[in-house]
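Here the structure comes first, spelled out in structure tokens, and everything after it is commentary.
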Amino acid sequence: MPLMRDPRKKAEDISAAYELKEKLGEGSFSEVRVAQHIRSRRLVAVKCIRKRALKGKESMLENEIAVLRRINHENIVSLLDTFETPSKLYLVMTLLTGGELLDRILERGSYTERDASRVIRQVLEAVKYLHQLGIVHRDLKPENLLYDTPLEDSKIVISDFGLSKMEDQGVLSTACGTPAYVAPELLQQKTYGKEVDLWALGIISFILLCGYPPFYDENDTQLYKQIIKAEYEFDSPYWDEISDSAKDFIAHLLQKDPEKRYTCEQALQHPCKHTSHRCF
Ligand code: ADP
Ligand code: MG
């Protein structure tokens with residue numbers, strides 16, 4: 001039974017068109033590899049998904065594909081092509097060569113306010129675009145934000161749409177995401193929507209500026225308690241030199257009440273003393 005009945009999806013083997021090369025990353029259902037388009041010699045990234053490993057979660061993947069097909073934004077990965085064999089599904093995407101934001105944070109320790117603001121502004125523009133389409137990403141974290149090139153001023157791109165969901169299909173309610181980035185309303189099994197992405201952006205902004213997460217406990221139950229209360233601190237000495245403007249920006253994103261939390265538009269309007277742009 002084919003996974004998708006999509007006329008744009010090709011049934012022939014991907015190896016006729018692309019030469020699969022080294023592995024870039026690995027997830028629970030898939031691996032991502034570099035590949036070269038044989039005719040044009042263009043390099044791409046191919047997400048190879050083992051259908052058997054999906055076991056009933058095919059709709060999650062169909063969803064990722066449907067989402068990606070509708071998207072066209074410079075800060076969101078482009079889906080170029082898809083292939084399917086009886087056992088595997090291949091998503092051909094733009095190759096991003098700059099690595100994960102997580103690795104740059106680990107290399108640098110933390111970002112200056114100016115650099116962090118540049119990253120966050122790009123992600124906010126992309127998330128604003130998604131929200132306008134009624135798409136909630138739900139899994140924003142530094143591992144899913146990739147740099148386009150190894151250059152310092154490379155743009156940042158959102159990848160990995162496995163968990164995103166169309167908002168108009170009803171209230172989003174399955175608990176998902178990665179513990180450290182999950183919003184309070186998600187943990188409390190309340191109804192939730194776009195606001196969960198802004199919470200995750202608050203966590204990412206916090207980590208970029210100081211190099212550690214706002215909520216942390218080795219025990220997940222304790223971690224969830226912290227998150228549900230939205231209790232975090234701008235600890236000394238790490239936050240001493242960071243501007244009130246940046247702290248105010250984060251406070252509006254790590255806002256427990258989703259209705260009071262900043263939207264993308266509000267976050268993009270936040271005054272910034274470091275650049276001519278706004279953000280924080
Ligand atoms: P998963 O759903 O398993 O988390 P991802 O789509 O996040 O899969 O991909 C896993 C890893 O593969 C990423 O964290 C990244 O390191 C790498 N990767 C994914 N997409 C690309 C891409 N377009 N270009 C380069 N590397 C990529
Ligand atoms: Mg991922």
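For the single chain, residues carry numbers from 1 onward in sequence order. Counting starts at 1 for both ligands and their atoms, in listed order. Side chains are part of it too, since the values below use all heavy atoms of this structure and drop only hydrogens, waters and symmetry mates.
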Checklist entry - Going by the atom numbers of ligand 1, which of them fall below 4.0 Å from some non-hydrogen atom of L24? => result 25 (C), 26 (N)
Checklist entry - Taking ILVMFWY side chains as joined if any heavy atoms are under 4.5 angstrom apart, and letting links pass through other members, which residues group with L106? => result L102
Checklist entry - If you draw a sphere of radius 2.8 Å around the Mg ion (ligand 2), how many protein N/O/S atoms end up strictly inside it? => result 2
Item to check | Sidechain N-carboxylate O distance under 4.0 Å for E185, R261 | outcome: yes
Next on the checklist: Below the 3.5 angstrom mark, is there an N/O of L146, backbone or side chain, next to an N/O of ligand 1?
Outcome noted: no
Item to check | Contact atoms of ligand 1, heavy-atom distance to A45 under 4.0 Å | outcome: 22 (C), 23 (N), 24 (N)
Checklist entry - Can you tell if the side chain of M93 reaches within under 4.5 Å of the side chain of V157, non-hydrogen atoms only? => result no
Next on the checklist: Can you tell whether the side chains of K225 and D217 come within less than 4.0 Å, N to carboxylate O?
Outcome noted: no
Next on the checklist: Strictly below 4.0 Å, N to O, side chains only: are R118 and D153 in salt-bridge contact?
Outcome noted: no
Next on the checklist: As an exercise, identify every atom of ligand 1 less than 4.0 angstrom from a heavy atom of E143.
Outcome noted: 14 (O)
Next on the checklist: Heavy atoms only: which of L102, D160, L43 lies closest to atom 2 (O) of ligand 1?
Outcome noted: D160
Checklist entry - With atoms numbered from 1 as shown, which atoms in ligand 1 lie under 4.0 angstrom from a non-hydrogen atom of N144? => result 7 (O)
Checklist entry - Counting heavy atoms not belonging to Y238, are there more than 12 under 6.0 Å from its OH? => result no
Item to check | With sequence neighbours excluded, residues passing ring-ring contact (aromatic ring centres under 6.0 Å, His included) with Y129 | outcome: H73
Checklist entry - How about R108: does its CZ atom have over 12 heavy atoms from other parts shown lying under 6.0 Å from it? => result yes
Next on the checklist: Please work out, at 4.0 Å between heavy atoms, whether the side chain, the backbone, both, or neither of M93 comes within that distance of ligand 1.
Outcome noted: side chain
Next on the checklist: Can you name the atoms of ligand 1, numbered from 1 with element, that are less than 4.0 Å from a heavy atom of S30?
Outcome noted: 3 (O)
Item to check | Verdict with reasoning, Y212 to F206, per ring pair (Phe, Tyr, Trp, His ring centres under 6.0 Å) | outcome: CA-CA 8 Å; Y212 64 87; F206 188 106; 5.7 Å; yes
Checklist entry - Which ligand 1 atoms does E100 reach within 4.0 Å, using its non-hydrogen atoms? => result 13 (C), 14 (O), 15 (C), 16 (O)
Checklist entry - With sequence neighbours left out, what residues match Q122 under side-chain hydrogen bond (donor to acceptor under 3.5 Å, both in side chains)? => result N75
Checklist entry - Given side chains that start at C-beta, do those of H37 and V44 come closer than 4.5 Å, heavy atoms only? => result no
Checklist entry - What do you reckon, is CG of D257 surrounded by more than 12 foreign heavy atoms closer than 6.0 Å? => result yes
Item to check | Under 3.5 Å: N/O of E26 near N/O of ligand 1 | outcome: no
Checklist entry - For ligand 1, is there an N or O atom under 3.5 Å from any N or O atom of T94? => result yes
Checklist entry - Looking only at heavy atoms, is any part of V32 under 4.0 Å from ligand 1, and if so is it the side chain, the backbone, or both, or is it neither? => result side chain
Checklist entry - G25 heavy atoms, cut-off 4.0 Å: which ligand 1 atoms fall inside? => result 11 (C), 12 (O)
